[in-house]
Visitor: 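One structure coming up, written as structure tokens, with questions to follow.
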2 protein chains.
Amino acid sequence: MPTNRAQRRGRPGHDRDDVIRAGVQLFNEQGYDATSVSDLTTRLGVTKSALYHHVDSKAQILQIALDEALDGLEEALQTALTHPTPGERLTAIVDGAVRVLTARQPQVTLLLRLRGNSDIEMAALERRRRFDHTVTDLVREAQAEGLVRADLDAGVATRLIFGMINSVVEWYRPDGPVDPALLGAEIRAVALDGLRPRP
Amino acid sequence: MPTNRAQRRGRPGHDRDDVIRAGVQLFNEQGYDATSVSDLTTRLGVTKSALYHHVDSKAQILQIALDEALDGLEEALQTALTHPTPGERLTAIVDGAVRVLTARQPQVTLLLRLRGNSDIEMAALERRRRFDHTVTDLVREAQAEGLVRADLDAGVATRLIFGMINSVVEWYRPDGPVDPALLGAEIRAVALDGLRPRP
DNA sequence: GTCTATAAATGGATAGAC
DNA sequence: GTCTATCCATTTATAGAC
């Protein structure tokens, strides 16, 4: 098959996935707005015309990446919701979010940095708000069961725990020393029991 | 005195502080790179020439704001270091960081979103790295005393707790319902003891 | 799948008058 | 302190050839 990746080497011969991947990586290094199409063509070693043969626009690259991030998070949330008890649902969404965030780190990073500067960004932020809202419901439910401190506002508690979770995109590297599965367990432990050793 | 703010009303009559304040606010709404000088002049209701009478460049506005953020954080760190015990030093820097972050929210927000796209950004990131490094030392010290779980890498623990703290800039509003002093205590409690109710 | 060439708009910044 | 007018580099994107 000539579609084989190894056989394509010699002169570029990029496909759409190459462009998306390189674009997302560059957006994360420099920021979406600070990255020009020229920056991207330079990194890929092609001209603008070649790039526009694969994608419709710079914004489309962002759109595709954001969809991958949101699809992953929403899927993790749906799975978490199938668990029978509030405690299981809460731990499932914490684990699930960390898993998606490490598995699709570049795409989720873009999502978390959005400012709503275009229709695409605003639509993605709206999907994210719905996700956050449902997670807040899970936290509130866990509070009612006495699994989470009830003296904290559910919204604040959710923001704090997801602040911790989401910050992982800023330093986690797939090829680094931190095991993503272990990290999920550690975050769950710190979120529920804190940094202080249990007596 | 004609320098009085109320008496300046009528036609714009801005000063440098007005420009900085509006610039930082706009940078936070849209992102630094996505904000054009024209966006800023539109918000202020003046022309570009008027704006450039007050500041040398768009980058200078960023520079001034970043210095305010970093000065505040470094000051809080120095104060924390004067405390006699590791436990006090750790709680002091957590409280201090939350205090600076709520008091200078716009400036710190800019700092936390930097990508290192210019010399100014890289210099600020270097100062921030030094801050993070010293805080990690405080966490390591607290681990040695048994005040913080020793099974966690000090760097990971620091990143998780500051992930929680720093995420506050994304939703805290000075005129909102959350009291900044209370928030500091709550974050300290959640960071040390977790979300689960203590037995 | 990639190229050269170019369009059309917007970017940051300045000159010089009032 | 603000204006009009302008410079020039860079931006996203396209036309049409190979």
Side-chain angles (χ1 to χ4, degrees), chain A residues 1-24 26-27 29-65 110 115 117-121, chain B residues 1-24 26-27 29-65 110 115 117-121:
Chain A
M1 276 107 160
T3 335
N4 185 298
R5 180 153 236 102
Q7 293 186 308
R8 281 217 323 269
R9 295 292 160 76
R11 315 301 167 285
H14 300 95
D15 63 11
R16 190 193 180 98
D17 271 358
D18 295 330
V19 172
I20 306 288
R21 201 170 8 251
V24 171
L26 213 42
F27 293 165
E29 286 173 21
Q30 309 180 335
Y32 175 76
D33 295 292
T35 302
S36 71
V37 176
S38 295
D39 291 339
L40 182 47
T41 60
T42 300
R43 168 141 324 175
L44 284 167
V46 298
T47 61
K48 287 192 218 189
S49 293
L51 186 138
Y52 277 106
H53 177 76
H54 298 293
V55 293
D56 293 340
S57 64
K58 176 184 164 183
Q60 191 191 32
I61 300 174
L62 180 66
Q63 167 91 71
I64 290 170
L110 281 182
R115 305 306 309 159
N117 289 334
S118 64
D119 287 350
I120 286 175
E121 294 192 12
Chain B
M1 278 105 161
T3 335
N4 184 299
R5 180 152 237 103
Q7 293 186 307
R8 282 217 325 270
R9 295 291 160 76
R11 315 301 166 285
H14 301 93
D15 63 12
R16 191 191 178 97
D17 271 358
D18 294 331
V19 172
I20 306 287
R21 203 171 5 253
V24 171
L26 212 43
F27 293 165
E29 286 174 20
Q30 309 180 333
Y32 174 76
D33 295 291
T35 302
S36 70
V37 176
S38 296
D39 291 338
L40 182 46
T41 60
T42 299
R43 168 140 326 173
L44 285 167
V46 297
T47 61
K48 287 194 216 188
S49 293
L51 186 138
Y52 277 104
H53 176 76
H54 298 292
V55 292
D56 292 340
S57 65
K58 176 184 164 183
Q60 191 191 33
I61 300 174
L62 180 65
Q63 168 90 71
I64 290 170
L110 281 182
R115 305 305 309 156
N117 289 334
S118 64
D119 287 351
I120 286 175
E121 295 192 12

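FYI, side chains are in, hydrogens and waters are out, and symmetry mates aren't considered; it's all heavy atoms of this structure. A note on names: the letters A, B, ... follow the listed sequences, proteins ahead of strands, and every chain is numbered from 1.
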Visitor: Provide the full list of ring pair (Phe, Tyr, Trp, His ring centres under 6.0 Å) pairs with a residue in residues 45-65 of chain A, sequence neighbours left out, each pair given once.
Guide: none

Visitor: Would you mind reading off the distance between B/Arg16 atom CZ and D/dT2 atom C1', rounded to a whole angstrom?
Guide: 18 Å

Visitor: Take the protein atom CG of B/Leu51 and the nucleotide atom P of C/dT14, then report the distance between them rounded to whole Å.
Guide: 12 Å

Visitor: Residues in side-chain contact (heavy atoms from CB on, under 4.5 Å) with B/Thr42, at least two apart?
Guide: none

Visitor: List the steps and the verdict of side-chain contact (heavy atoms from CB on, under 4.5 Å) for B/Arg16 and B/Gln60.
Guide: CA-CA 11 Å; B/Arg16 191 191 178 97; B/Gln60 191 191 33; 3.2 Å; yes

Visitor: Nearest-Å distance, CG (A/Asp39) to C1' (D/dA9)?
Guide: 14 Å

Visitor: Grab the NE2-P distance between B/His54 and C/dA13 for me, whole Å please.
Guide: 16 Å

Visitor: Please list, for nucleotides 14-18 of chain D, all pairs of protein and nucleotide N/O atoms separated by less than 3.5 Å.
Guide:
unit_1	atom_1	unit_2	atom_2	d
D/dT14	O4	A/Ser49	OG	3.2
D/dA15	N6	A/Ser49	OG	2.5

Visitor: Quick test of your reading: applying salt bridge (Lys or Arg N to Asp or Glu O under 4.0 Å), list the pairs with at least one residue in residues 46-65 of chain A, sequence neighbours left out, ordered by first then second residue.
Guide: none

Visitor: Tell me every residue that passes side-chain contact (heavy atoms from CB on, under 4.5 Å) with B/Ser118, counting only those two or more places apart in sequence or in another chain.
Guide: B/Ile120, B/Glu121

Visitor: With heavy atoms under 4.0 Å as the rule, sort A/Thr35 into base, sugar-phosphate or nothing.
Guide: sugar-phosphate

Visitor: For A/Ile61 versus A/Val19, what's the shortest heavy-atom pair and its separation?
Guide: CD1-CG1, 4.0 Å

Visitor: Can you check the A/Ile61 CD1 to D/dA13 C1' distance for me, whole Å?
Guide: 13 Å

Visitor: Looking at C/dG1, I'd like to know if its phosphate oxygens (OP1 or OP2) sit under 4.0 Å from a side-chain N or O belonging to A/His14.
Guide: no

Visitor: Check residues 29-37 of chain A and write down every donor-acceptor pair under 3.5 Å in which the side-chain atom is one partner and the other belongs to a residue at least two apart or another chain.
Guide:
unit_1	atom_1	unit_2	atom_2	d
A/Glu29	OE1	A/Arg43	NH1	3.4
A/Glu29	OE1	A/Arg43	NH2	3.0
A/Glu29	OE2	A/Gln25	NE2	3.4
A/Glu29	OE2	A/Arg43	NH1	2.9
A/Gln30	OE1	A/Thr35	OG1	3.1
A/Tyr32	OH	A/Ala59	N	3.4
A/Thr35	OG1	A/Leu26	O	3.4
A/Thr35	OG1	A/Gly31	O	2.7
A/Ser36	OG	A/Ser38	N	3.4
A/Ser36	OG	A/Asp39	N	3.0
A/Ser36	OG	A/Asp39	OD1	3.4
A/Ser36	OG	A/Asp39	OD2	3.4

Visitor: Rounded to whole Å, how long is the line connecting atom CD of B/Gln60 with atom C1' of C/dG12?
Guide: 14 Å

Visitor: So, is A/His53 near the phosphate of C/dT2, with a side-chain N or O under 4.0 Å from OP1 or OP2?
Guide: no

Visitor: So does B/Thr47 get a side-chain nitrogen or oxygen closer than 4.0 Å to the phosphate oxygens (OP1/OP2) of D/dC3?
Guide: yes

Visitor: Report yes if at least one side-chain N or O of A/Ser36 is closer than 4.0 Å to OP1 or OP2 of D/dT10; otherwise report no.
Guide: no

Visitor: Could you state the atom-to-atom distance from NZ of A/Lys58 to C1' of D/dT10 in whole Å?
Guide: 12 Å

Visitor: Rounded to the Å, how far apart are B/Phe27 CZ and C/dG11 C1'?
Guide: 13 Å

